[in-house]
Amino acid sequence: WGEVMQDFFANAKVVNFARSGWSTKMFIDRGRWQELLATRPDYILMNIGANDSKKGEGRYTDPEGQYKRNLRRFAADAEAIGAEIIFVTLNQRLIFDKAGKVRAPDRIPYTKGMKEVAAELRKACVDLSAMHTALLESLGEKRATYLFRIKDDGTLDRSHYSRPGAIRMAEMVAAGLRRSESTIKQHLR
């Protein structure tokens with residue numbers, strides 16, 4: 001959704017620093033966080049953690065330990081350069097339980113952790129997780145598939161978005177920003 005977020009802003013430049021498959025640990029260890037800070041942004045939309053639960057490849061962080069410490073670091077570093085960080089909770093994957101409810105159990109502790117850090121630090125937090133869950137559940141699994149990409153082998157990618165899906169995600173983020181206390185909303189279309 002970061003790729004289409006520019007469409008929701010007037011008189012502001014959106015730069016997407018996201019990397020598919022990266023965790024907070026990788027974002028720091030591989031220098032991407034320092035690259036972002038070097039651009040001296042006014043605002044940072046921080047939506048990260050979907051890969052922090054994955055073991056191997058140097059991605060894993062404990063949701064109550066290193067993940068929260070990394071989020072606190074992001075907030076402190078942003079403040080140090082005069083940027084406002086806005087946390088954006090994790091999106092859902094297209095995984096439903098037998099009761100028709102969206103369930104991605106591996107993401108729950110990271111969304112919870114992000115909300116807790118945002119509250120602790122008194123930072124804005126857009127609850128994309130709740131909005132995305134409501135959207136997917138209102139559509140149902142079959143009707144929601146258009147929001148997700150099709151892999152090269154023809155199977156449905158239940159984690160990554162099609163263009164219509166990215167636009168819907170960005171719409172929800174923009175709606176959350178409009179409801180926030182952040183001054184970023186003055187830059188929205």
Side-chain angles (χ1 to χ4, degrees), residues 1-6 13-41 43-81 83-95 102 104-118 121 123-129 131-133 147-153 155-163 165-170 172-173 176-177:
W1 57 264
E3 295 171 5
V4 298
M5 201 69 217
Q6 181 67 62
K13 180 180 178 186
V14 175
V15 180
N16 183 8
F17 279 85
R19 288 290 179 258
S20 182
W22 284 26
S23 66
T24 58
K25 183 179 183 314
M26 293 170 79
F27 202 68
I28 293 166
D29 291 350
R30 295 186 180 181
R32 193 68 174 162
W33 176 238
Q34 286 304 318
E35 288 176 35
L36 185 156
L37 292 174
T39 68
R40 306 210 45 98
Y43 302 94
I44 298 170
L45 300 179
M46 184 55 66
N47 171 250
I48 194 166
N51 292 293
D52 282 68
S53 68
K54 295 179 180 176
K55 309 278 183 179
E57 298 179 41
R59 292 194 270 195
Y60 181 77
T61 66
D62 178 276
E64 288 297 321
Q66 187 177 10
Y67 178 69
K68 283 185 168 182
R69 285 192 302 276
N70 289 346
L71 296 180
R72 288 182 191 106
R73 175 183 173 174
F74 294 150
D77 289 354
E79 192 171 307
I81 65 162
E84 179 186 345
I85 195 163
I86 301 162
F87 291 107
V88 179
T89 63
L90 303 179
N91 57 289
Q92 293 294 348
R93 282 183 286 160
L94 191 62
I95 299 173
V102 172
D106 59 321
R107 295 192 179 192
I108 294 169
Y110 295 92
T111 290
K112 179 180 175 276
M114 181 176 277
K115 287 179 181 179
E116 289 170 356
V117 169
L121 301 177
K123 302 295 182 189
C125 185
V126 173
D127 194 356
L128 179 60
S129 180
M131 289 185 279
H132 194 215
T133 297
L147 298 169
F148 293 83
R149 289 189 342 207
I150 301 298
K151 297 178 192 175
D152 290 340
D153 65 5
T155 61
L156 182 66
D157 181 336
R158 293 178 173 271
S159 296
H160 300 100
Y161 303 100
S162 63
R163 180 144 179 94
I167 292 168
R168 289 297 297 268
M169 298 295 286
M172 289 184 282
V173 172
L177 293 173

Item to complete: Using the test side-chain hydrogen bond (donor to acceptor under 3.5 Å, both in side chains), find all partners of Arg30 that sit at least two apart in sequence or belong to another chain.
Response: none
Practice prompt. Only counting residues at least two apart or in another chain, list the ones meeting salt bridge (charged side-chain N to carboxylate O under 4.0 Å, His left out) with Arg149.
Written response: Asp157
Worksheet entry | Whether Tyr161 and Phe148 hold their rings parallel, tilted or perpendicular, with breakpoints at 30° and 60° | tilted
Worksheet item: Is there side-chain contact between Asp127 and Lys115, with heavy atoms separated by less than 4.5 Å?
Response: yes
Response to the item:
Rounding to 0.5 Å, atoms CG (Leu147) and OG (Ser162) come to a distance of 6.0 Å
Worksheet item: With no hydrogens and no angle check, is any side-chain donor or acceptor of Arg158 less than 3.5 Å from a backbone partner on Ile95?
Response: no
Item to complete: Determine whether more than 12 heavy atoms belonging to other residues, nucleotides or ligands lie under 6.0 Å from atom CD of Gln6.
Response: yes
Practice prompt. For Glu116, check salt bridge (charged side-chain N to carboxylate O under 4.0 Å, His left out) against everything at least two apart and list the hits.
Written response: Lys68, Lys112
Worksheet, complete the sentence: For Ala83 and Ile44 the tightest heavy-atom approach is CB-CD1, 4.1 Å
Discussion item. Once side-chain hydrogen bond (donor to acceptor under 3.5 Å, both in side chains) is applied, do any residues pair with Asp152, and if so which ones, sequence neighbours excluded?
Written reply: none
Worksheet item: Rounded to the nearest 0.5 Å, how far does CZ of Arg19 lie from CG of Asn51?
Response: 13.5 Å
Worksheet, complete the sentence: So CG of Leu71 and CG of Leu121: to nearest 0.5 Å the spacing works out to 9.0 Å
Fill in: Backbone of Leu128 reached by a side-chain donor or acceptor of Thr89 within 3.5 Å
yes
Practice prompt. Assess whether side chain to side chain contact (heavy atoms under 4.5 Å, CB included) is satisfied between Trp33 and Ile48, documenting all intermediate values.
Written response: CA-CA 12 Å; Trp33 176 238; Ile48 194 166; over 6 Å; no
Discussion item. Taking the side chain as everything from C-beta on, heavy atoms only, tell me whether Thr61 gets closer than 4.5 Å to Arg69.
Written reply: no
Worksheet item: Do you know which two heavy atoms are closest between Ser159 and Arg107, and how far apart they sit?
Response: OG-NH2, 4.3 Å
Worksheet item: Take atom CD in Glu3; do more than 12 heavy atoms of anything else shown fall under 6.0 Å from it?
Response: no
Worksheet, complete the sentence: In terms of heavy-atom contacts, Lys25 and Gly58 come closest through CD-O, 3.4 Å
Worksheet item: Checking Arg72 side chain against Val117 main chain: does a donor-acceptor pair fall under 3.5 Å?
Response: no
Discussion item. Going by the rule ring pair (Phe, Tyr, Trp, His ring centres under 6.0 Å), which residues pair with Phe17 if we only count those two or more places apart in sequence or in a different chain?
Written reply: none
Worksheet item: Considering all heavy atoms of both residues, which atom of Gln34 and which atom of Arg73 are nearest to each other, and what is their separation?
Response: NE2-NH2, 3.7 Å
Item to complete: Before giving the answer on side chain to side chain contact (heavy atoms under 4.5 Å, CB included), spell out for Ile28 and Phe74 the whole-Å C-alpha distance, their side-chain angles and the decisive distance to 0.1 Å.
Response: CA-CA 9 Å; Ile28 293 166; Phe74 294 150; 3.6 Å; yes
Worksheet item: How long is the span from the NE2 atom in His160 to the CZ atom in Arg93, to the nearest 0.5 Å?
Response: 9.5 Å
Worksheet entry | Working for side chain to side chain contact (heavy atoms under 4.5 Å, CB included), residues Val173 and Met169 | CA-CA 6 Å; Val173 172; Met169 298 295 286; 5.6 Å; no
Discussion item. Looking at every heavy atom in both Ile81 and Pro41, which two are closest together, and how far apart are they?
Written reply: CD1-CD, 3.8 Å
Practice prompt. Taking ring pair (Phe, Tyr, Trp, His ring centres under 6.0 Å) as the test, write out the residues that go with Phe87, two or more places apart.
Written response: none
Worksheet entry | Whether His132 side chain and Asn91 backbone form a donor-acceptor pair below 3.5 Å | no
Worksheet item: Counting N and O atoms only, with roles assigned by atom type, does the side chain of Thr111 sit under 3.5 Å from a partner on the main chain of Ile108, one being a donor and the other an acceptor?
Response: no
Discussion item. To the closest 0.5 Å, what do you measure between CG (Asp77) and CD1 (Ile85)?
Written reply: 9.0 Å
Practice prompt. Decide yes or no for Tyr60 and Gln66: does some side-chain heavy atom of the first lie under 4.5 Å from some side-chain heavy atom of the second?
Written response: no
Practice prompt. Would you please classify the geometry between the Phe27 ring and the Trp22 ring as parallel, tilted or perpendicular, with 30° and 60° separating the classes?
Written response: perpendicular
Item to complete: Rounded to the nearest 0.5 Å, what's the gap from CG on Asp106 to CG on Leu90? Could you check?
Response: 9.0 Å
Practice prompt. Look at the side chain of Tyr110 and the backbone N and O of Asp52, then say whether any donor-acceptor pair between them is shorter than 3.5 Å.
Written response: yes
Worksheet item: Where is the tightest heavy-atom contact between Ser129 and Gln92, given as atom of each residue plus distance?
Response: OG-NE2, 3.1 Å
